[in-house]
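Here is how names work: the chains are called A, B, and so on, in the same order as the sequence lines, proteins then strands, and each is numbered from 1.
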Amino acid sequence: MDPNSIIESIKPIKFLIAFSLFIAFYIMAKLFGKIIHDHLKKNVPPNIAKPLYNTIYYTIISIGIIVALETYGINLSSLLVAGGFAGIIVGFASQRVFSNVLSGFFLYIDKPFSVGDPIEIEGTRISGIVTDITMLSTRILGWDGVTYRIPNGTLFESNIKNLSGLVARRVEYLVSIGYEDDIEKAKNVIIKAIEDEPLALVDPSPQVYVENLGDSGVILKVRFWAPTPKWFEAKTKILEKIKIALDKAGIEIPFPQTTVWFRTPLKCFQEKKA
Amino acid sequence: MVYGSLLKKGQVIIRDNIIIAKAGADDTIQYKRIKNGNIISEIIVKSDDLFLIPHPPDSLPEKGLYKHVMIEFDKELAISSRFDTKLEIRVPLDFAIATDPRDLTKVIDIFSLEVPKMAVYGSVQDGILTRYLSTIKDEGGVAILNVIIKNQSEETAAISRIVFASEAFLICFRENDQRVLGPKIKVYIKGSERALVEVLPPSCPEDHILISRNGKRILSEPHRFEMINGFNKGG
């Protein structure tokens with residue numbers, strides 16, 4: 001019998017075996033995927049569970065394809081070399097992507113915030129409500145109404161202030177008064193302005209004290225607490241009320257002034273116009 | 001100042017609030033509240049009458065900001081171990097204009113004579129936000145609350161404040177009068193930092209109107225709140 005004809009007769013059998021192997025891997029991917037999916041669904045948030053499931057599922061399918069092709073007789077070594085090169089290129093290119101994925105995973109473990117939490121990222125001007133956390137990035141709806149997408153890698157390395165856990169937040173101002181003004185009177189006027197505002201809490205109580213003796217005036221530190229959801233409203237409202245109250249009480253809010261001193265008497269000349 | 005129908009009076013002045021109610025066409029009433037010359041609230045409602053009623057202190061400065069009330073005594077009370085103390089306290093109330101004097105869901109305007117204040121009970125990290133009330137000696141615009149404090153601990157306890165759920169703050173009043181009865185409060189001091197506060201609806205005489213929160217019958221089951229952050233001011 002001609003050897004070529006034997007090979008020709010074997011080929012369909014090889015194809016059947018290869019195909020069967022692929023189907024076996026496919027079924028395995030489906031079954032294993034379902035078990036993994038059910039497990040992840042219960043224990044891991046959806047933003048991590050889905051990509052993890054996809055990775056496992058497609059890895060099994062890829063192995064199935066490679067095994068099936070090898071069984072059929074297709075040499076994959078050249079394909080693997082090419083794949084290796086491509087892998088290196090993709091690896092370099094996806095370094096940051098992978099870093100973000102990993103950071104997303106660590107953020108999940110660390111849990112510095114959840115969807116719905118108001119947060120502030122230190123060193124940036126970004127502050128708002130977390131609307132979505134995906135594998136790669138986190139979306140924040142800023143107080144200015146703009147949605148910010150921040151890569152998880154950046155977020156993981158940043159100092160994050162989570163404001164959701166607090167019942168109340170402290171508001172702080174620096175208010176300057178003139179050196180000739182009565183400090184005690186100014187403190188009482190400021191306290192009264194705070195007490196007249198419902199959003200300023202009674203307990204913890206407001207505080208006003210001399211923070212510094214500045215170049216232009218005595219600097220008072222004003223501190224009071226407001227309910228977290230009303231913090232910004234209280235902050236903006238009360239500063240205005242303090243200014244009005246100080247004006248009414250005749251207490252000056254000084255501005256920077258410089259006294260210029262001349263070593264020798266200053267001589268002024270006036271030209272007569274013809 | 002007395003509670004009751006506004007149409008009969010036409011205009012009511014409560015400290016710096018001028019309240020005006022005028023009957024309009026098609027069973028409507030024009031309502032207006034003016035404070036310091038500014039119109040604070042203005043509404044036209046379809047109703048037979050409007051009523052000035054006392055309102056539990058649970059909605060100002062904004063509804064939903066807090067779910068608890070903190071009452072601070074003007075003086076700290078010291079109670080010996082295994083002793084009971086009974087006292088009657090007066091706390092300031094808010095006022096409401098409603099189309100039905102028995103139902104808080106029919107309120108169209110709420111206001112307060114003093115600046116409504118809030119305080120944190122516990123720490124700012126894990127405490128609770130409360131409506132802050134301090135006991136006063138006034139007769140009008142207040143609710144009278146009967147408080148029983150039972151010191152069940154083995155040591156003398158000093159108590160300066162009580163915290164409980166604001167929804168348990170039920171009141172009843174008599175029309176054309178200024179008398180308002182608030183809930184009955186029982187405080188069981190369990191230890192130096194722990195007390196159980198039990199709040200029961202007021203015992204209203206027959207001529208009093210008990211104000212419901214949802215138009216439904218009021219059950220006399222007590223509300224309980226556990227004060228685990230202490231009951232002294234610094235707790």
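With contacts defined as side-chain heavy-atom distances shorter than 4.5 Å, the pair B/V124/A/W225 qualifies. Side-chain contact between B/L129 and A/L201 is present, with heavy atoms from C-beta onward closer than 4.5 Å. Between A/V202 and B/M118 the shortest side-chain heavy-atom distance does not fall below 4.5 Å.
Around CD of A/E240, the count of heavy atoms belonging to other residues, nucleotides or ligands within 6.0 Å does not exceed 12. Within a 6.0 Å radius of CG in A/D196, more than 12 heavy atoms belonging to other residues, nucleotides or ligands are found. For B/K32, the NZ atom sits in a loose shell: 12 or fewer heavy atoms of surrounding residues, nucleotides or ligands are nearer than 6.0 Å. The environment of NZ in A/K34 is sparse: at most 12 heavy-atom neighbours from other residues, nucleotides or ligands sit within 6.0 Å. Within a 6.0 Å sphere centred on CZ of A/F255, other residues, nucleotides and ligands contribute 12 heavy atoms or fewer. The environment of NZ in B/K190 is crowded: more than 12 heavy-atom neighbours from other residues, nucleotides or ligands sit within 6.0 Å.
Taking each heavy atom of B/K117 and A/I194 in turn, the nearest pair found is NZ-O, 3.8 Å. Nearest heavy atoms, B/P61 versus A/P198: CB-CB, 3.6 Å. Residues A/V167 and B/G127 come closest through the heavy atom pair CG2-O, 2.9 Å.
For chain A, the nearby part of B/L65 is the side chain; its heavy atoms alone come within less than 4.5 Å. Interface residue B/I128: only backbone heavy atoms are found under 4.5 Å from chain A. Only the side chain of B/E62 comes within less than 4.5 Å of a heavy atom in chain A; its backbone stays farther off.
B/D100 pairs by the salt bridge (charged side-chain N to carboxylate O under 4.0 Å, His left out) definition with nothing, not counting sequence neighbours.
Contacts between residues 169-189 of chain A and chain B, defined by a heavy-atom separation under 4.5 Å, are made by no residue at all.
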